[in-house]
Asks: 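What follows is a single structure, and I will ask about it in a moment.
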Amino acid sequence: MADPSTVVLVHGAWHGAWCWDKVVALLSATGVPASAVELPLTSLADDVDATRAAIDAVGGPVVLCGHSYGGVVITEAGNHPAVVDLVYLCAFALEVGESAAATASDQRLPSTDLADALRISEDGAASIDLDGARAAFYLDCAPGDADAAVARLRPMSFSCFTEAVTTAAWRDRPSTYVVCSDDRAVHPDLQRFLAKRCTTSVEWATGHSPFLSHPELVADLLTVLAR
């Protein structure tokens, strides 16, 4: 039997590689190698460079998974020749010329209240109100996991949300979209629209952070793709 592909995990806005810890542990237990990228969150280009460097470090086939804003990153970075599958976890599967802030803008799709929790400083740094983050991101998470996650959120450059992608890797790679139907950050209707761009899709009755609330779902899907 051939060795499994390596899973490379790309976190979303304000988060860090730490958010994948439960998933990485479950993958490791089944013999699937995995690594989580620590995005600098200083610009989309910097985040793409960090992801490509992580793929280069694998030295073999990669299943590339992005969560939320991480979908923007894998859309741009996923044309790396080592990438054999893309996974969008309630993520932005963008078309060329779209950005996280301007996605499917002609579709009149509903939005969430996440924008109300956004705080932008004079220097262009974007942060998230912690009460708003808890409600949007961790609705179905255990209180302890939600507390720990909220405490680790960090500011990022607002430009990450406004920079458009120049390539759409899902056009050239097999891709799976995971719709999280109880998501309060990325509206499920927007997710369902984006899912149509991908090769296949599944729908889970989870909130925005299944890597914390239902890591077994995430790990099981990635294990199947990696093998």
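Here the structure is a predicted model, which is why all the values come from computation and not from measurement.
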Asks: Would you name the heavy atoms of Ser159 and Thr42 that are closest together and state the gap between them?
Replies: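 That would be OG-O, 4.0 Å.
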Asks: Report yes or no: do Leu89 and Val224 belong to one cluster of Ile/Leu/Val/Met/Phe/Trp/Tyr joined by side chain heavy-atom distances under 4.5 Å?
Replies: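 No; tracing contacts between hydrophobic side chains, which count when under 4.5 Å, never links both residues.
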Asks: Examine distances only and state if a side-chain atom of Arg119 and a backbone atom of Asp129 form a donor-acceptor pair shorter than 3.5 Å.
Replies: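 The answer is no, because no donor-acceptor pair under 3.5 Å joins these two groups.
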Asks: Please check: side-chain N/O of Arg108 versus main-chain N/O of Ser105, any donor-acceptor pairing under 3.5 Å?
Replies: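 No, the answer is negative, given that no donor and acceptor are paired below the 3.5 Å cut-off.
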Asks: Please check this pair: side chain of Thr112 against backbone of Ala185, looking for a donor-acceptor N/O pair closer than 3.5 Å.
Replies: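 Looks like yes, one N/O pair under 3.5 Å.
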Asks: Are Val63 and Thr6 packed together at the side-chain level, in the sense that at least one heavy-atom pair is separated by less than 4.5 angstrom?
Replies: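 They are not in contact (no side-chain heavy atoms under 4.5 Å apart), so the answer is no.
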Asks: With a 3.5 Å cut-off and no angle check, do the side chains of Asp220 and Thr223 form a donor-acceptor pair?
Replies: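 Absent: no donor and acceptor within the cut-off.
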Asks: Would you say the side chains of Tyr69 and Asp47 form a donor-acceptor pair under 3.5 Å?
Replies: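 Present: a donor and an acceptor within the cut-off.
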Asks: Check for me, please, whether Leu94 and Leu109 land in the same ILVMFWY cluster - side-chain distances under 4.5 Å, paths through other members count.
Replies: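 Yes, Leu94 and Leu109 fall within the same hydrophobic cluster.
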Asks: Hey, quick one: are Tyr88 and Val96 part of the same hydrophobic cluster, counting side-chain heavy atoms closer than 4.5 Å, chains of contacts allowed?
Replies: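 No; tracing contacts between hydrophobic side chains, which count when under 4.5 Å, never links both residues.
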Asks: For the atom pair CD (Glu98) and CD (Glu163), what is the distance rounded to the nearest 0.5 Å?
Replies: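 Going from the CD atom of Glu98 to the CD atom of Glu163 covers 15.5 Å.
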Asks: When you look at Glu95 and Arg171, which way does the side-chain contact (heavy atoms from CB on, under 4.5 Å) test go after all the steps?
Replies: CA-CA 9 Å; Glu95 183 56 274; Arg171 289 191 169 275; 2.5 Å; yes
Asks: Are any of the side-chain heavy atoms of Ser157 and Ser43 separated by less than 4.5 Å?
Replies: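 Ser157 does not reach Ser43 side chain to side chain.
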Asks: Count the heavy atoms belonging to other residues, nucleotides or ligands that lie under 6.0 Å from CG of Asp113, then report whether that count exceeds 12.
Replies: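 No.
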Asks: Determine whether Asp131 and Arg134 satisfy the following criterion, salt bridge (charged side-chain N to carboxylate O under 4.0 Å, His left out), listing intermediate values before the conclusion.
Replies: CA-CA 5 Å; Asp131 288 338; Arg134 181 182 293 275; 5.3 Å; no
Asks: What's the separation between atom CG in Leu222 and atom CZ in Arg227, rounded to the nearest 0.5 Å?
Replies: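 Separation between the atoms: 12.0 Å.
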Asks: Taking atom CG of Leu118 and atom OG of Ser127, what is their separation to the nearest 0.5 Å?
Replies: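 Going from the CG atom of Leu118 to the OG atom of Ser127 covers 7.5 Å.
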Asks: Work out which heavy atom in Leu212 is nearest to a heavy atom in Lys22; give both atom names and the distance.
Replies: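 Of all heavy-atom pairs spanning Leu212 and Lys22, the closest is O-NZ, 3.3 Å.
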Asks: Are any of the side-chain heavy atoms of Ser68 and Val186 separated by less than 4.5 Å?
Replies: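 Yes, at least one pair of side-chain atoms sits under 4.5 Å.
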Asks: NE2/His80 to CD1/Ile55 distance, rounded to the nearest 0.5 angstrom?
Replies: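 Here the interatomic distance stands at 5.5 Å.
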Asks: For Val32 and Ser28, what are the C-alpha separation, side-chain angles and deciding distance, and is it a side-chain contact (heavy atoms from CB on, under 4.5 Å)?
Replies: CA-CA 5 Å; Val32 174; Ser28 297; over 6 Å; no
Asks: Compare all side-chain heavy atoms of Val87 with those of Leu64 and state whether any distance is below 4.5 angstrom.
Replies: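 The answer is no; the side chains never approach within 4.5 Å.
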Asks: Using side-chain contact (heavy atoms from CB on, under 4.5 Å), reason through Val8 and Val37 one step at a time and then give a plain yes or no.
Replies: CA-CA 7 Å; Val8 174; Val37 182; 3.6 Å; yes
Asks: Any chance you could lay out the ring-ring contact (aromatic ring centres under 6.0 Å, His included) test for Phe158 and Trp14, step after step, and finish with the verdict?
Replies: CA-CA 11 Å; Phe158 184 68; Trp14 302 294; 9.5 Å; no
Asks: Among side-chain atoms of Thr166 and Glu76, is any donor-acceptor pair under 3.5 angstrom?
Replies: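 Present: a donor and an acceptor within the cut-off.
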Asks: Hydrophobic clusters here meaning ILVMFWY residues chained together by side-chain heavy-atom distances under 4.5 Å, can you tell me if Leu26 and Val218 are in one?
Replies: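 Per the 4.5 Å side-chain linkage, Leu26 and Val218 are not co-clustered.
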Asks: Please report the closest heavy-atom contact between Cys180 and Gly207, naming both atoms and the distance.
Replies: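 Where Cys180 meets Gly207 most closely, the heavy atoms are CB-O, 3.4 Å.
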Asks: Sequence neighbours excluded, which residues qualify as side-chain contact (heavy atoms from CB on, under 4.5 Å) partners of Ala205?
Replies: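 With sequence neighbours excluded, Ala205 shows a side-chain contact (heavy atoms from CB on, under 4.5 Å) to Ser181, Asp182, given in chain and number order.
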Asks: Within the structure provided, determine whether Thr206 and Leu217 are in side-chain contact (heavy-atom separation under 4.5 Å).
Replies: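 Yes, at least one pair of side-chain atoms sits under 4.5 Å.
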Asks: Search all heavy atoms of Leu27 against all heavy atoms of Ala34 and return the closest pair with its distance.
Replies: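 So the two residues come closest at CD1-CB, 3.7 Å.
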Asks: The criterion is side-chain contact (heavy atoms from CB on, under 4.5 Å); which residues satisfy it with Ser201, sequence neighbours excluded?
Replies: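 Listed in chain order: Tyr177, Ala195.
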Asks: Are the side chains of Pro4 and Pro33 in contact, using a 4.5 Å heavy-atom criterion?
Replies: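 Side-chain contact under 4.5 Å: yes.
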Asks: Could you give all pairs that pass the ring-ring contact (aromatic ring centres under 6.0 Å, His included) test and reach residues 199-227, with sequence neighbours left out?
Replies: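 Every pair satisfying ring-ring contact (aromatic ring centres under 6.0 Å, His included) with a residue in residues 199-227: Trp20-Phe211, His67-His208, His67-Phe211, Phe137-His208.
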Asks: At what distance, to the nearest 0.5 angstrom, does OG of Ser5 lie from CG of Leu225?
Replies: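 Reported to 0.5 Å precision, the distance equals 9.0 Å.
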Asks: Is any side-chain heavy atom of Phe92 less than 4.5 Å from a side-chain heavy atom of Thr75?
Replies: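 Answer no - side chains too far apart.
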Asks: Shortest non-hydrogen contact from Pro174 to Thr199?
Replies: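 Heavy atoms only, the tightest pair is CA-OG1, 3.5 Å.
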Asks: If you compare all heavy atoms of Ala91 against all heavy atoms of Leu194, which two are closest, and at what distance to 0.1 Å?
Replies: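 For Ala91 and Leu194, the tightest heavy-atom pair comes out as O-CD1, 3.6 Å.
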Asks: Applying side-chain contact (heavy atoms from CB on, under 4.5 Å), run through Asn79 and Asp172 and close with a yes or a no.
Replies: CA-CA 7 Å; Asn79 61 357; Asp172 301 311; 5.7 Å; no
Asks: How many angstroms lie between CD in Glu38 and NE2 in His11, if you round to the nearest 0.5 Å?
Replies: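 Spacing of CD (Glu38) from NE2 (His11) equals 4.5 Å.
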Asks: Aromatic contact between Trp18 and His15, with the criterion being ring centroids under 6.0 Å apart: yes or no?
Replies: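 Yes.
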Asks: Following the transitive rule for hydrophobic clusters with a side-chain heavy-atom cut-off under 4.5 Å over Ile, Leu, Val, Met, Phe, Trp and Tyr, establish whether Ile74 and Phe193 coincide in one cluster.
Replies: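 Hydrophobic grouping puts Ile74 with Phe193.
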Asks: Is the closest side-chain heavy-atom distance between Leu153 and Ile128 below 4.5 Å?
Replies: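 Of all side-chain heavy-atom pairs linking Ile128 with Leu153, at least one is under 4.5 Å.
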